[in-house]
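Report on the following structure.
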Protein chains: 2
Amino acid sequence: MQRTSQKVSMAVIRRLPKYYRYLENLLNKEIYRISSKELSRIIGFTASQIRQDLNCFGGFGQQGYGYNVEELYKEIGKILGLVREYKSVIIGAGNLGQAIANYSDFQRKGFKLKAMFDINPKLIGLKIRDVEILDVDNLEDFIKENDIEVGIICVPFSKAQETADRLIAAGIKGIWNFAPFDIKVPDNIVIENVHLSESLFTLSYLLNEYNNPED
Amino acid sequence: MQRTSQKVSMAVIRRLPKYYRYLENLLNKEIYRISSKELSRIIGFTASQIRQDLNCFGGFGQQGYGYNVEELYKEIGKILGLVREYKSVIIGAGNLGQAIANYSDFQRKGFKLKAMFDINPKLIGLKIRDVEILDVDNLEDFIKENDIEVGIICVPFSKAQETADRLIAAGIKGIWNFAPFDIKVPDNIVIENVHLSESLFTLSYLLNEYNNPED
DNA sequence: TGAACTCTGTTAATTAATAAACAATTTTCT
DNA sequence: AGAAAATTGTTTATTAATTAACAGAGTTCA
Ligand SMILES: NC(=O)c1ccc[n+]([C@@H]2O[C@H](COP(=O)([O-])OP(=O)(O)OC[C@H]3O[C@@H](n4cnc5c(N)ncnc54)[C@H](O)[C@@H]3O)[C@@H](O)[C@H]2O)c1
Ligand SMILES: NC(=O)c1ccc[n+]([C@@H]2O[C@H](COP(=O)([O-])OP(=O)(O)OC[C@H]3O[C@@H](n4cnc5c(N)ncnc54)[C@H](O)[C@@H]3O)[C@@H](O)[C@H]2O)c1
């Protein structure tokens, strides 16, 4: 077990959700024990990296045996903070906002959607899966009154920063942003920018790289 | 200019779309010249990294002057392969598939949506922005007849790999996958897995890290 | 025009991330 | 029970990524 709790690198942190997903799959297959070597084979990281990653948070394995899948799954869930609920709201109830609202997996992992907000009168008052679309004018009041912690930004990119600023002023703790804009937040606020177009353009690059081999 | 065209690292490649986006913003603000130092200030990478990244592909700047924004934007567009069209299809016309189909930005960057496919008879025959939802039974024929290059997977995770296999067998070149499953593809096929839940769980981790400072 | 200044491209130095190695411990099997 | 095999946690080595440094080329402006 790591004694000195020094800062864990983002590279490690971003691998944790992948471990979590693969462990969940193992449990669903009723596999209750796994070695770093075998996990390496299915997840694609080296066994060494898996052991080192996990050891950033504690010694969850046992020499000669490996890891108990259920225990490790629970531990990583704790590390990721998936052991409690996060009251959340979506701002921008358009195509993407509605798609996310309709997606139950995030709710099941603790992200409870309490309301959606929009500026378009035609959308205000509608419900998506029991969650009402409210007038964005009520955003601050709702966040304060309901102790909302997470805001999911699905507004056009030109409104993304101002929406974030309103969320932060109202007391939000974290922002999940889908607008193609790098939202700036103060140090005590957590931001995760998604940027789907960057993923698509990477695909585009790789498509051409293959067509024009440079080696 | 880099003489030997050695392999560019994925770290660099994944930064290119960000350069592209910021340069587009600069052009919209009618800024036609920029130094690595100033770009560093607005994009958040070090000036040194910017110069080194760009130099993987050529000497686009000029000593004493900086970079011509329009020229650099065009060059990166070429590098990313955003100078031609990619005929694409979406498989899975549910919440996310429809949201992506309704999003015009990707089309504007060259990703032309030619059809959507679903297994649900209630959806088959409907149109999203002039694009028809077809029976997934016709997937292979459509891809071959229309020279489709890119498949966007929006089916449930349990159908993701088999959908990919069908796409590949039919001659697709690249796959953009939104299902929470790491799709395996042969070497000559490009895959970009999105994994929104990994992004959300990273946010969750960071929310808790802040609450339990470890330093 | 020319001196002072700017800024790139590129190499060198530093830091971070990944992989390998291995002692210590536990399991497995006879 | 005891030897052989397996597997972790952790240290060390290696590779990759980032940052710094700076010569040389080009710009700016009096
Ligand atoms: N749909 C996609 O597939 C997709 C993909 C990548 C990125 N995005 C990004 O996600 C965001 C949403 O995309 P979309 O396709 O859902 O767009 P959309 O136009 O369907 O929805 C945007 C919604 O935001 C609302 N809105 C506008 N200003 C607002 C404000 N100030 N406060 C509250 N609501 C406001 C609009 O009324 C609209 O309902 C955009 O930034 C887009 O660039 C979307
Ligand atoms: N909606 C989101 O916000 C979101 C977020 C993250 C990930 N995802 C992932 O994206 C995928 C789609 O999500 P969704 O919310 O749109 O789900 P959805 O259920 O709304 O849509 C899935 C669609 O796929 C169709 N389908 C099922 N099997 C098929 C097959 N074999 N061939 C063709 N079509 C088939 C279904 O009929 C349905 O219309 C899922 O894998 C989901 O996990 C969605």
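Distances were taken from every side-chain heavy atom of Arg51(B) (C-beta onward) to each of dA17(D), dG9(D), dT10(C); the shortest belongs to dT10(C). The side chain of Arg33(B) lies closest to dT27(D) when the candidates are dA20(D), dA21(C), dT27(D). Proximity note for Ser9(A) (side chain, C-beta onward) versus dG26(D), dT8(D), dA17(C): the nearest is dA17(C).
In the model, Asp182(A) has a side-chain atom that pairs as donor or acceptor with a side-chain atom of His195(A) under 3.5 Å. At a cut-off of 3.5 Å, with distance as the only test, a side-chain donor of Asp53(B) or Tyr19(B) sits close to an acceptor on the other residue. A donor-acceptor pair shorter than 3.5 Å can be found between the side chains of Glu24(A) and Tyr73(A).
The residue Tyr67(A) sits close only to the backbone: its heavy atoms come under 4.0 Å of sugar-phosphate atoms, none of a base. Ser48(A) comes within 4.0 angstrom of a base, heavy atoms only.
Going from atom CZ of Phe45(A) over to atom P of dA17(C) covers 15 Å, rounded to whole Å. If you take CD1 of Ile13(B) and C1' of dT18(D), they are 17 Å apart, rounded to a whole angstrom. Atom pair Asp53(A):CG and dT8(D):P shows a separation of 13 Å (rounding to whole Å applied). Distance, Phe60(A) CZ to dT26(C) P: 18 Å, rounded to whole Å. Spacing between atom CD1 of Ile34(A) and atom P of dT27(C) amounts to 18 Å, rounded to whole angstrom units. If you measure from atom CG of Leu39(A) to atom C1' of dA6(D), you get 16 Å, rounded to the nearest angstrom. Remark: C1' of dC7(C) and CD1 of Ile50(B) are 13 Å apart, rounded to the nearest angstrom. Taking atom CG of Asn55(A) as the reference point, atom P of dA19(C) lies 16 Å away to the nearest angstrom.
Of the side-chain N and O atoms in Arg15(A), one or more sit less than 4.0 angstrom from OP1 or OP2 of dT18(C). Residue Thr46(B) places none of its side-chain N or O atoms closer than 4.0 Å to OP1 or OP2 of dT18(D). Note on Gln49(B): a side-chain N or O is less than 4.0 Å away from OP1 or OP2 of dT18(D).
For the pair Arg84(B) and Tyr86(B), the cation-pi test (distance below 6.0 Å, angle within 45°) is passed.
A donor-acceptor contact under 3.5 Å links the side chain of Gln52(B) to the base of dT11(C). One cannot find a donor-acceptor pair under 3.5 Å joining the base of dT27(D) and the side-chain atoms of Gln62(B). At a cut-off of 3.5 angstrom, counting only N and O atoms as typed in the model, there is no donor on one side facing an acceptor on the other between the side-chain of Gln63(A) and the base of dT26(C).
Taking the ring centroids of Phe60(A) and Tyr67(A), they lie at or beyond the 6.0 Å cut-off.
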